[in-house]
Amino acid sequence: MAKIFIDNLEKIDIEGFQQDLINWFQAEQRTLPWRENKDPYRVWVSEIMLQQTRVDTVIPYFNNFVEQFPTINDLAEADEDKVLKAWEGLGYYSRVRNLQSAVKEVKEVYGGIVPKDPKEIAKLKGVGPYTAGAILSIAYGVPEPAVDGNVMRVFSRILSIWEDIAKPASRKVFEEAVRAIIAKDNPSDFNQALMELGALICTPTSPSCLLCPVREHCIAFHEGKERELPIKTKNKKTKKVQLAAAILSTDDGRYLIRKRPAKGLLANLWEFPQCEDDHTFTSTKRHLQEYLLKEHAAMAEVENAAFGKIEHVFSHLVWNIDVYAGRIEGEIDQTDTVKLVTEEEMKEFAFPVSHQKMWKQYKEK
DNA sequence: CATCCGTGGGA
DNA sequence: TTCCCAAGGAT
């Protein structure tokens, strides 16, 4: 496998490619908040946010996040609920819990300085091969590869590499390709330029080859194969889960919320109580009431019919939630993970998007 | 290695 | 509607 790209490597004018790529990036790069300076912490935060997430989505989150937590020390000392609240809606919430954990590690073990050594930085929670290379090259100018989906797509075309980029093992092939071609005098602009090119020009479908600054270096373009690359196999279908949720109010205007488990889906976020509901019970109303009694020792009177329906699509499954309103009768034991909160207090807690939507529907009903 | 882990946008 | 994503990492 490595043989093919090494053969093609000999067809590439490496210095010409580096020059054309970097010149284009320096002239055409987008103005983005994380490009204001090369503070390793800001680069780090941006790279974590940008994992599997679009630039336009990240921008407002990044600005808010670095305003709330301007330094490693600020984030290390912050309350986790506040950190999750700043991430609310971005998805993949373990990213930010790992980031805070890693920042604490940097504070305690490395004196608050992000390590410059590839082995050390790669040990940090949430910092994999891509993120390690990105931080090292962008913030510190270390000539390490930063191979993401963009880079695999661009290189598969430039070097005509017919590896399936959906396979984890393929990443190493592209890392070796980047090591062979990276501009050692400017790895920061080189790596960013590859990703910028992938985002703006060398796009997945219908790449803009006529606007491409490196098309003369591109084997796939010369062979007219740019639309056939990269090779990427498809993923499987998602599972479906039927749920019933309850928005329960007390007579004095408080609502029952609870914290999700520390591991797994939407870990440590808050939600309205919900349970699986395969519609095999006599009624969802009774099913919910029994669940609330068993799980929270809550005596509740739930309405007969759902007032809303929510579909929550994840990357690997789908929730279909029927949403019921109800009243809590009597008292409830409040703990660290179960609370009765007013509408105003609710704003301090981070909820999954589906539960934000059901609250909105509840207020509009 | 396969699966898990979010979300909103676009073809 | 359905599918595929978008600057991946942990287990």
Side-chain angles (χ1 to χ4, degrees), chain A residues 25 29-30 32-35 42-62 84 87-99 101-102 121-135 137-138 145-154 164-172 174-175 178 188 190-200 202-206 230 232-241 260-269 271 310-319 350-357:
Chain A
F25 177 69
Q29 66 173 289
R30 292 168 289 182
L32 297 170
W34 47 89
R35 289 178 175 163
R42 289 170 59 100
V43 172
W44 187 2
V45 170
S46 74
E47 291 302 338
I48 300 299
M49 285 191 173
L50 285 162
Q51 288 170 6
Q52 303 294 289
T53 310
R54 287 183 163 76
V55 166
D56 288 344
T57 303
V58 167
I59 290 172
Y61 282 93
F62 177 83
L84 278 172
W87 209 268
E88 184 185 46
L90 246 194
Y92 288 140
Y93 299 93
S94 67
R95 289 184 295 176
V96 76
R97 297 196 304 122
N98 286 337
L99 175 61
S101 165
I121 196 170
K123 287 182 193 167
L124 298 170
K125 276 184 193 162
V127 178
Y130 163 75
T131 305
I135 298 172
S137 61
I138 296 171
V147 175
D148 67 343
N150 285 311
V151 174
M152 288 197 282
R153 182 171 61 255
V154 170
D164 181 358
I165 66 170
K167 291 197 180 331
S170 299
R171 203 196 72 252
K172 293 196 170 184
F174 292 92
E175 276 184 359
V178 172
S188 171
F190 182 88
N191 279 344
Q192 291 185 79
L194 282 180
M195 294 187 277
E196 195 82 343
L197 190 72
L200 301 180
C202 196
T203 49
T205 59
S206 67
K232 187 171 188 184
T233 53
K234 322 211 183 271
N235 10 330
K236 312 175 192 176
K237 284 209 310 189
T238 55
K239 287 179 288 191
K240 295 183 191 301
V241 180
R260 294 180 55 82
K263 293 192 173 187
L265 188 65
L266 303 166
N268 282 2
L269 268 64
E271 67 180 5
I310 300 282
E311 183 184 59
H312 191 160
V313 179
F314 300 89
S315 37
H316 58 298
L317 67 96
V318 179
W319 282 354
F351 289 83
V353 165
S354 51
H355 285 242
Q356 296 174 45
K357 286 178 181 167

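Every chain is numbered from 1, with letters handed out A, B, ... down the list of sequences.
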Identified side chain to side chain contact (heavy atoms under 4.5 Å, CB included) counterpart of Trp34(A) within the set Val55(A), Val45(A), Ile138(A): Val55(A)
Nearest to side-chain heavy atoms of His312(A), which nucleotide of dG6(B), dG8(C), dA10(C): dG6(B)
Distance test, side-chain N/O of Lys232(A) to OP1/OP2 of dC5(C), below 4.0 Å: yes
Residue whose nearest DNA chain C nucleotide is more 5′ - Arg54(A) or Arg171(A): Arg54(A)
Touch class at under 4.0 angstrom, heavy-atom based, for Val58(A) against every strand present: nothing
Contact nearer the 5' end of DNA chain C, comparing Ala122(A) with Met195(A): Met195(A)
Residue Tyr130(A), side-chain atoms from C-beta onward, closest of dT7(B), dG9(C), dC5(B): dG9(C)
Sugar-phosphate only, base, or nothing, as touched by Arg35(A) at under 4.0 Å among non-hydrogen atoms: base
Separation of dC5(C) P from Tyr92(A) OH (nearest whole Å): 12 Å
Integer-rounded Å distance: dG6(B) C1' and Tyr61(A) OH: 10 Å
Base dG6(B) to side chain Ser315(A), donor-acceptor N/O within 3.5 Å cut-off: yes
Side-chain N or O of Ser94(A) closer than 4.0 Å to phosphate OP1/OP2 of dA10(C): no
Separation of the P atoms in dG8(B) and dG9(C), to the nearest angstrom: 23 Å
Phosphate-side-chain proximity, His316(A) and dC4(B), N/O vs OP1/OP2 below 4.0 Å: no
Arg95(A)-Thr53(A) side chain donor-acceptor pair, cut-off 3.5 Å: yes
Touch class at under 4.0 angstrom, heavy-atom based, for Gly89(A) against every strand present: sugar-phosphate
Given dA6(C), dA10(C), dT7(B), the nucleotide with the shortest approach to the side chain of Asn98(A): dA10(C)
Residue-phosphate contact under 4.0 Å: Lys263(A) side-chain N/O, dA10(C) OP1/OP2: no
Phe25(A) side, atom CZ; Asn191(A) side, atom CG - distance, nearest 0.5 Å: 10.0 Å
Close side-chain approach of Ile310(A) and His355(A), heavy atoms under 4.5 Å: no
Interatomic distance where CH2 belongs to Trp319(A) and P belongs to dC4(B) [whole Å]: 14 Å
Separation of atom CD1 in Ile121(A) from atom C1' in dG9(C), rounded to whole Å: 14 Å
Nearest-angstrom distance from the residue atom CD of Glu47(A) to C1' of dG8(C): 11 Å
Interatomic distance, Ile59(A) CD1 vs dA6(C) C1' [rounded to whole Å]: 13 Å
Under 4.0 angstrom between Tyr93(A) side-chain N/O and dT7(B) OP1 or OP2: yes
C1' gap between dA6(C) and dC5(B), integer Å: 15 Å
Distance-minimising heavy-atom pair for Pro230(A) and Arg153(A): CD-CG, 3.5 Å
Residue pair His312(A) / Pro352(A), side-chain heavy-atom distance below 4.5 Å: yes
Value in whole Å for how far the C1' atom of dC5(C) lies from CG of Asp56(A): 14 Å
Nearest-angstrom distance from the residue atom CD of Gln52(A) to C1' of dC4(B): 12 Å
Donor/acceptor link under 3.5 angstrom from Thr53(A) side chain onto base of dG6(B): yes
Sugar-phosphate only, base, or nothing, as touched by Leu266(A) at under 4.0 Å among non-hydrogen atoms: sugar-phosphate
Donor-acceptor pair, side chain of Glu196(A) and main chain of Arg30(A), under 3.5 angstrom: yes
Selection from dG8(C), dA6(C), dC5(B) that lies nearest to any side-chain heavy atom of Thr131(A): dG8(C)
